[in-house]
Every structure is written in structure tokens, then in C-alpha cells.
Amino acid sequence: MDVALGIDIGGTGMKAAPVDVTTGRLLGERFRIPTPQPSTPEAMAAVVRDLDRHFTDITGGRGPVGVAFPAVVRSGVVHSAANIDSSWMGADAASAFSEAVGRPVVVVNDADAAGIAEMSFGAGRGRSGLVITLTLGTGIGSGMFMDGVLVPNTEFGHLEFRGESVERYAAASAMEREELPWEDWADRVGEFLDMVDRLFSPDMVILGGGVSREPERWFHRIDTRFETVIAAMANHAGVVGAAMAAV
């Protein structure tokens, strides 16, 4: 059994669990610590250290560690800060987290991590062609896979739509902010998917995020030319994908 610690960093919480990367199974109950505010590199590194220490009874404080991070990440360095503290711009996240836990850490975009899990163990398993995974939450995260190979850091949620980022219009957070009925929000998602179709002509799109737990409330409104399915990994995707990226 190959075990790695997966850590998923979100705007409100930082979650972790040890993962059997050969099956995608969590080997302990997922542990969550609120994301520090402000979410500076020093503050987040301290939480990563605490998350790692929480699972020393399983990992022994050894083995691979992967972090799913809400930004564009190239070679461990952060290149965007749309949903995190601006002090992260240009910061070497991999080095900061590695120093915190005392061993190497791999850092990847959070939506890419979720997509890796979904393509390996979820709705995208075994699928070829162009598959896009979307996480609908506070924002919109995206992962793109060609014949199972990740094209990293796509950030489709930041495509411009009516003068602003499309995630402002169609993310799940728009429902609460604008007090939208589920059906009206789903129609907005449909408009976003039409944009995705025009730009990329995918063979399949997988819709995830917290709303994937309640598809009966909105998925019937989605009508696309390509195959569209609900994600299977739910809230575990980021943790599992981060662990997989580390091995």
C-alpha cells in the first residue's frame, strides 16, 4: 500500500487525510483547521505543520505530502492570488511547506488536484478524449485532461463574461449572494458550459464542488452537446488528488 498525506487548502478551511493512493481511500477521518486570516505564507505553513502532526500515528511523520493550493502553481511557486492573500504572489509554496513539515512537499493547483482524483477513481476513470472537470463553489475551478493527461492551471473560472470573471456570475456562491433559486443558478451554469463548448469542444465535463451532493435540485436543467456528469469524489477529491500528486 502506497500512502501519502493529502492537504486541501480552501478559503475557509484547510483539510487533510492520509490516502492510499492505489485506491483513493482515506486511511483516517479527514481533519480540518480553519484557514488563517490573513492567509499569509507563514500562517498557512503553520497550519500545514499542524495537519501533518495530527496524522503522525498513521504516517509516522514520514512519506510524501501533497498540497492542493487555490492558485496557479508552477514548479511549486505561486503565480496568482485571486482568492488568497496577496503576499503569496511569487512565493515558493513548496519550499515554505517543506520547511514546515521537514520533508519535501508537492504543491499543485486545487482544481487540478480534484480533477486528478476524479479521473483516477471517479466519474472520469478510464475516459479518453478531452475531459474537463469543474468545481462549483465559492469560485469555479477547472481541470483539463487530454487522454488522461493533465493540462495544468487552466483557471476557466476567470474567463471574462459580461465584463467580469464568469465565476462571479455562475459559481455556487452567486446563489447566496443574489438569493437565486436553484433553477436560475443552474441556467447560469448552462451559459458557462456553452462558453466552454465554444472554446474547447470537450468530450465530457464533470461537475463537482459542494453542489454535486444535491444534483436533484439543479442538474435536470443542464443540457449540453457533450456528455455532462456529476462528480463522484465529492469533498474528498482535493485531498485525494493532492496525495496522488505527491507520489
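Using a 4.0 Å cut-off between charged side-chain N and carboxylate O, Glu191 and Arg188 make no salt bridge.
By the 4.5 Å heavy-atom criterion applied to side chains, Asp50 and Ile33 are counted as neighbours. The shortest distance between side-chain heavy atoms of Val196 and Ile132 falls below 4.5 Å. Side-chain contact check for Asp2 versus Val21: some heavy-atom pair is nearer than 4.5 Å. Between Phe145 and Val151, the closest side-chain pair of non-hydrogen atoms is not below 4.5 Å. In this structure, Ile7 and Val239 have side chains that are not in contact, with every pair of non-hydrogen atoms separated by 4.5 Å or more. By the 4.5 Å heavy-atom criterion applied to side chains, Trp182 and Met175 are counted as neighbours. Taking 4.5 Å as the limit, some side-chain heavy atom of Met14 sits within range of a side-chain heavy atom of Val48. For the pair Val19/Leu27, no side-chain contact is recorded, criterion being any heavy-atom separation below 4.5 Å from C-beta on.
In terms of hydrophobic clustering, with Ile, Leu, Val, Met, Phe, Trp and Tyr side chains grouped at heavy-atom distances under 4.5 Å, Phe31 and Leu5 are assigned to a common cluster. Both Leu136 and Val166 are members of a single hydrophobic cluster when ILVMFWY side chains are connected at heavy-atom separations under 4.5 Å. Hydrophobic clustering keeps Val229 apart from Leu134 (ILVMFWY residues linked when any side-chain heavy atoms are closer than 4.5 Å, directly or through intermediates). Placement of Val211 and Tyr169 within a single hydrophobic cluster is found when ILVMFWY residues are connected by side-chain heavy-atom separations under 4.5 Å, directly or transitively.
Among pairs with a residue in residues 127-150, those fulfilling side chain to side chain donor-acceptor pair (under 3.5 Å) read Arg127-Glu227, Ser142-Thr154, at least two apart in sequence or across chains.
Judged purely by atom type and a 3.5 angstrom limit, Ser120 has no side-chain atom pairing as donor or acceptor with the backbone of Ala117. Side chain of Ser98 to backbone of Val105: a donor-acceptor contact under 3.5 angstrom is found.
For the ring-ring contact (aromatic ring centres under 6.0 Å, His included) criterion with Trp185, the lone passing option out of Phe219, Phe192, Trp218 is Trp218.
With rounding to the nearest 0.5 angstrom, the CD1 atom of Ile84 is 6.5 Å from the CE atom of Met44. The CD atom of Glu99 lies 9.5 Å from the CZ atom of Arg49; values are rounded to the nearest 0.5 Å. Atoms OG1 and CE, from Thr22 and Met244 in turn, are 9.5 Å apart once rounded to the nearest 0.5 Å. Going from atom CG of Leu51 over to atom CZ of Arg30 covers 11.5 Å, rounded to the nearest 0.5 Å.
Under the 30°/60° scheme for interplanar angles, the aromatic rings of Phe156 and Phe200 are found to lie parallel. Between Phe69 and Phe97, the two ring planes are tilted [angle within 30° to 60°].
Residues Leu159 and Leu199 approach most closely at CD1-CD1, 3.8 Å, considering heavy atoms.
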Check the pair Thr224, Thr228 against side-chain hydrogen bond (donor to acceptor under 3.5 Å, both in side chains), reporting the backbone distance first and the verdict last. CA-CA 7 Å; Thr224 59; Thr228 309; 2.5 Å; yes
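Side-chain contact of Gln37 with Asp85: a donor-acceptor pair under 3.5 Å is absent, judged by distance alone.
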